[in-house]
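A short worksheet on the structure shown next.
Protein chains get the first letters and strands the later ones, always in sequence-line order, with residue 1 at the start of each.
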2 protein chains.
Amino acid sequence: MPSKQIPDIVVGRLPVYLRALSHLAAEGIQVTSSHELGKRLGISAAQIRKDLSHFGEFGKQGTGYNVGYLRDQLKRILKVDREWPVVLIGVGDLGRALAHYGGFVDRGFRIVALFDNDSNKVGQRIGELEIMSMETLADVVRERSIQVAMIAVPAAHAQKVAEQCMAAGIKAILNYAPITLSLPDGTLVQHIDPVTHLQRMTHYL
Amino acid sequence: MPSKQIPDIVVGRLPVYLRALSHLAAEGIQVTSSHELGKRLGISAAQIRKDLSHFGEFGKQGTGYNVGYLRDQLKRILKVDREWPVVLIGVGDLGRALAHYGGFVDRGFRIVALFDNDSNKVGQRIGELEIMSMETLADVVRERSIQVAMIAVPAAHAQKVAEQCMAAGIKAILNYAPITLSLPDGTLVQHIDPVTHLQRMTHYL
DNA sequence: TAGATTGTTAATCGATTAACAATC
DNA sequence: TAGATTGTTAATCGATTAACAATC
């Protein structure tokens, strides 16, 4: 029986399960078990079963899980059984790399618009997309009902840009600027700062 | 009294505290409190005090914390009161962006060598660095006693490259490939996969 | 001093693990 | 059937919070 309240930490592990299942499927593996999956991911089998049990029953006793089926169920649960349009704000080196990255589309996301506040960049094309002025952000977001933004601007501009996003109707922000954004409680924000990841390891060296 | 066993989850928050303290210092703020810091970071004041108490006593009752002093203590604890040489493997769009990124140096890291298995890229320069052949990885790592690697190669090559890193003597890996690496227990690995971060949010949309 | 804030303890809360009946 | 593995419960483990004496 799926429980009503699902811990964030459980939801946070599902994308990792999904990624592993997609790889298994790509390898042609059709059935797996909580033990096999756990071994691959460095997670206990009990935890995987417990996590999944929040959302339903996906396996068979004695057999395990059908890889394709479980993958599809996780896509549904995470709502990536569709394609989310995403705006990318900040087209420096990192923004360009993200704009070129081909790994978003088959995992549920597509960058559909690029923005930068540098008038020299506005009008340039990257692939099929033209870099647009920040002044047009709100209109684009509203017209296309976009809910997800990636922010790849310098730290000094990130807070302001995040607020512009919220004002435009963006609901989820992936922030690449090395700064903690101050946004209303309940706002969906994820941070990617490579240096904090490196610093998490050096303590142990 | 600092306790002997410090939870990973506590160490994981210290880089975020450090980043905030560095920003406070840059703003010219000299003193802060666990409440102020917690408000900025969306973390409870009690948790910040508890986390810090694992490592010593850094504050003054009635006053709070000296920003510069606490920042320096966190740098020491995280061992980023020095400059770690880092190798970057994989010079595609993302690798190039990382190679150009100026934000590593003043936070404890410097990319000192670039590697790629594409012979067309080997010999090219990016800034002051020349892209080197993967065959020279082990020699460079050993000669310069490098312990940290960033991997920005396609998913299909990441596992093999990670093993080459381990064999060469690398102790900590920051992996940008969208795959969970299988490495010996206790190996220091951090993953950055923007799609998993996005997928953590869409469930709630 | 009076007010504020630390460091720490104890209580609470939540997450992980172990174990096992159910069953494929 | 015999062996294997699920989903779930209860026990354990660990992390967070609340509270407060100490003290700047």
(request) Verify the distance criterion only: is there a donor paired with an acceptor across the side chains of A:Arg40 and B:Thr180 at less than 3.5 Å? (result)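 A:Arg40 vs B:Thr180: no donor-acceptor pair found between side chains.
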
Quickly work out the [X] [atom1] to [N] [atom2] distance and round it to whole Å.
{"X": "B:Ile43", "N": "D:dA18", "atom1": "CD1", "atom2": "P", "result": "15 Å"}
{"X": "A:Ile6", "N": "C:dT16", "atom1": "CD1", "atom2": "P", "result": "14 Å"}
{"X": "A:Gln5", "N": "C:dA15", "atom1": "CD", "atom2": "C1'", "result": "15 Å"}
{"X": "A:Phe55", "N": "D:dG7", "atom1": "CZ", "atom2": "P", "result": "13 Å"}
{"X": "A:His54", "N": "C:dT16", "atom1": "NE2", "atom2": "P", "result": "9 Å"}
{"X": "B:Phe58", "N": "D:dT23", "atom1": "CZ", "atom2": "C1'", "result": "19 Å"}
{"X": "B:Leu37", "N": "C:dT5", "atom1": "CG", "atom2": "P", "result": "13 Å"}
{"X": "A:Gln61", "N": "C:dC24", "atom1": "CD", "atom2": "P", "result": "6 Å"}

(request) Strictly below 4.0 Å, heavy-atom distances to any atom of DNA chain C: list the hits from residues 44-52 of chain B, or just say none. (result)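 Correct list: B:Arg49, B:Lys50.
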
(message) Any residue in residues 10-36 of chain B with a heavy atom nearer than 4.0 angstrom to DNA chain C? Just list them by number, or reply none.
(response)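 Output list: B:Ser33, B:Ser34.
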
(message) Heavy atoms from C-beta onward define the side chain here; which of D:dA15, C:dG7, D:dT8 lies closest to that of B:Glu57?
(response) C:dG7

(request) Any chance you could lay out the side chain to side chain contact (heavy atoms under 4.5 Å, CB included) test for A:Gln199 and B:Arg19, step after step, and finish with the verdict? (result) CA-CA 11 Å; A:Gln199 291 179 338; B:Arg19 192 175 62 191; over 6 Å; no

(request) For the pair A:Arg200 (side chain) and B:Gly12 (backbone), establish whether a donor and an acceptor sit closer than 3.5 Å, ignoring hydrogens and angles. (result) yes

(request) Give a yes or no answer on whether the side chain of A:Lys121 reaches the backbone of A:Ile131 with a donor-acceptor pair at less than 3.5 Å. (result)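 Flag not set: sc A:Lys121 to bb A:Ile131 has no pair under 3.5 Å.
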
(message) Apply side chain to side chain contact (heavy atoms under 4.5 Å, CB included) to residues A:Arg96 and A:Asp93 and explain how you reach the verdict.
(response) CA-CA 5 Å; A:Arg96 283 197 150 74; A:Asp93 288 317; 5.5 Å; no

(message) Below 30° counts as parallel, above 60° as perpendicular, anything between as tilted: where do the rings of A:His203 and B:Phe55 land?
(response) perpendicular

(request) Applying ring-ring contact (aromatic ring centres under 6.0 Å, His included), name anything that partners B:Tyr204, two or more places apart in sequence or on another chain. (result)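 Testing B:Tyr204 for ring-ring contact (aromatic ring centres under 6.0 Å, His included), a comparison that skips the adjacent residues, returns none.
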
(request) I would like to know whether A:Leu137 and A:Ile170 meet side chain to side chain contact (heavy atoms under 4.5 Å, CB included); could you show each step before the answer? (result) CA-CA 10 Å; A:Leu137 175 69; A:Ile170 290 292; 5.9 Å; no

(request) Could you walk me through whether B:Arg107 and A:Asp193 pass side chain to side chain contact (heavy atoms under 4.5 Å, CB included), step by step? (result) CA-CA 11 Å; B:Arg107 297 172 72 195; A:Asp193 178 356; 2.8 Å; yes

(request) Using both pair distances under 3.5 Å as the test, note the stems of at least 3 consecutive Watson-Crick or G-U pairs that include DNA chain D. (result)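 So the stems come out as C:3-24 with D:3-24.
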
(request) Please report the closest heavy-atom contact between B:Leu41 and B:Ala20, naming both atoms and the distance. (result) CD2-CB, 3.8 Å

Do the side chains of [Y] and [X] get nearer than 4.5 Å, heavy atoms only?
{"X": "A:Arg49", "Y": "A:Ser34", "answer": "yes"}
{"X": "B:Val80", "Y": "A:Val195", "answer": "no"}
{"X": "A:Leu198", "Y": "B:Phe104", "answer": "yes"}

(message) Just to be sure I understand the geometry, which residues of residues 62-72 of chain A put a non-hydrogen atom under 4.0 Å away from DNA chain D?
(response) A:Gly62, A:Thr63, A:Gly64, A:Tyr65

(message) Tell me every residue that passes side-chain contact (heavy atoms from CB on, under 4.5 Å) with B:Val86, counting only those two or more places apart in sequence or in another chain.
(response) B:Phe109, B:Val148, B:Met150

